[in-house]
Protein chains: 2
Amino acid sequence: MRRKKEDSLETAARLLDVAREHFTEHGYAKASMEVIVAEAGVTRGALYHHYGNKQGLFETVVAAVQAEIGENVEREASRAEDPMEQLILGCRAFLEAAVAPAARRILLVDGPAVLGWEVWRRMDEENAMRHLEEQLGLLQEKGYFPGVSVPALTHFLSGALNESALWIAQQPGDSRALEDTMEVILHLLKLKTSYTTDSRR
Amino acid sequence: MRRKKEDSLETAARLLDVAREHFTEHGYAKASMEVIVAEAGVTRGALYHHYGNKQGLFETVVAAVQAEIGENVEREASRAEDPMEQLILGCRAFLEAAVAPAARRILLVDGPAVLGWEVWRRMDEENAMRHLEEQLGLLQEKGYFPGVSVPALTHFLSGALNESALWIAQQPGDSRALEDTMEVILHLLKLKTSYTTDSRR
DNA sequence: ACCATTTACATACATGGTGTATGTATGTTA
DNA sequence: TAACATACATACACCATGTATGTAAATGGT
């Protein structure tokens with residue numbers, strides 16, 4: 001029985017992967033630690049050693065999912081030069097990433113309830129939210145949203161995107177829900193001038 | 001031991017009140033049925049008789065809170081004649097009502113996680129959401145939001161309002177968070193023409 | 001008015017799930 | 001190589017929900 005550092009890391013990673021699947025499929029409440037450790041091939045001892053308790057495990061999973069989405073958004077947004085176009089691309093990238101089952105259930109639905117809204121909010125702020133607020137501030141300096149509070153706008157937009165992602169994910173696969181939502185964003189943010197990324201209308 | 005119909009209704013109502021307090025203060029997961037029934041002066045039998053299980057009890061509480069907020073929004077919105085002004089008043093009324101602890105914790109945070117997003121969404125649709133969508137459709141007929149999908153806009157706005165309420169509630173009491181959010185709404189929905197309800201700027 | 005049935009609970013128990021205390025073998029460090 | 005820390009395994013305590021069962025009162029039909 002060898003238990004080197006790398007073995008330990010692999011155990012932790014495997015537990016994280018299995019936990020992520022179970023939290024996604026069954027939700028936090030119905031996800032069983034015993035089932036998770038069994039599927040990961042270890043016992044409860046390993047799980048509690050690495051993550052302290054169920055909430056600690058969940059929090060780690062949340063951070064991982066958030067980081068994934070954040071990278072996606074950053075990468076897509078950086079493909080443009082114009083700040084407003086960056087924002088639009090970022091919003092689209094977020095919606096595309098957030099409709100994934102893991103993001104929906106873990107991040108958007110269970111996250112706030114399990115961790116508490118404040119903790120969840122702080123975690124989100126350190127990832128996606130912060131970039132969103134910076135981008136909106138930048139845009140305001142360029143003349144957009146004259147006189148409106150950037151923090152208020154940031155939270156407004158963030159909430160809108162979260163709920164929209166949940167709605168889009170629930171629509172039939174061939175629906176244009178994501179495109180429709182992007183149209184809403186374009187209309188509200190830019191007064192419907194150009195920038196429509198698709199050919200409609 | 002008298003157990004008439006009215007006694008039964010009163011028992012159910014008392015349980016609902018106590019449950020609402022406990023769900024608000026401790027959240028769904030940490031709210032204990034035993035503590036609730038003890039505080040209501042009955043046993044677990046009464047609770048399970050009236051509400052089936054913990055989730056059933058919670059769902060009833062959610063419906064009650066939703067109904068309260070819905071009434072508030074409807075009443076305030078109906079104070080205006082102009083459809084856009086009705087929308088604005090409705091949004092403000094929602095924000096003012098949704099910052100209450102019970103609304104935040106039960107409706108906005110725990111609701112989707114406990115009931116599942118789809119169930120929660122359907123319940124919300126039968127209350128506030130439906131009116132919002134109707135109002136937005138009406139406005140579109142009047143020339144607002146040309147070409148945008150009303151369902152998409154409805155969900156976008158709904159999510160924005162929910163998150164904004166949570167944000168506002170968390171700000172220091174003397175902050176202008178609610179007013180700032182209203183400014184955001186006015187700016188995005190109406191391109192910042194008039195309708196500012198306060199004297200700023 | 002009386003019987004059958006339903007209602008409105010109380011009580012007791014089965015079950016499952018988390019957390020924690022303890023044990024133990026291995027790796028690591030001085 | 002001795003001491004300590006790490007990485008788990010095992011066993012158990014402890015709630016908390018849910019369910020089965022019991023029971024007294026209310027209700028409804030005849």
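A quick note: this is a predicted structure, and the numbers were derived from the prediction, not measured. To find a chain, count down the sequence lines: A is the first, B the second, and so on, and within it residues start at 1. The figures that follow rest on heavy atoms only: side chains count, while hydrogens, waters and symmetry mates do not.
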All pairs passing ring pair (Phe, Tyr, Trp, His ring centres under 6.0 Å) where residues 54-86 of chain A contributes a residue, at least two apart: A:F23-A:F58, A:Y28-A:F58
Rounded interatomic separation in angstrom, taking NE2 from B:H49 and P from D:dA26: 14 Å
Any residue meeting side chain to side chain contact (heavy atoms under 4.5 Å, CB included) with A:D17, in chain and number order, not counting sequence neighbours: none
Strand-adjacent residues in residues 35-46 of chain A, judged by heavy atoms under 4.0 Å from DNA chain C: A:R44
Rounded distance in Å - NE2 (A:H22) to P (C:dG17): 13 Å
Ring pair (Phe, Tyr, Trp, His ring centres under 6.0 Å) against B:H22, all qualifying residues, sequence neighbours excluded: B:H26
Among D:dC8, C:dC9, C:dG19, the nucleotide that comes nearest once only the side chain of B:T11 is considered: C:dC9
For A:E118, salt bridge (charged side-chain N to carboxylate O under 4.0 Å, His left out) partners two or more places apart: none
Those residues that, when tested against A:E134, pass salt bridge (charged side-chain N to carboxylate O under 4.0 Å, His left out) (two or more places apart): A:R130
Strand contacts (DNA chain C) in residues 51-59 of chain A, 4.0 angstrom heavy-atom criterion: A:N53, A:K54
Residues which pass salt bridge (charged side-chain N to carboxylate O under 4.0 Å, His left out) with B:R121, listed by chain and number, not counting sequence neighbours: A:E163, B:D124
Per-pair distances, 0.1 Å, donor-acceptor, side chain in residues 150-158 of chain A, under 3.5 Å, sequence neighbours excluded:
unit_1, atom_1, unit_2, atom_2, d
A:T154, OG1, A:V150, O, 2.6
A:H155, NE2, B:W167, NE1, 3.1

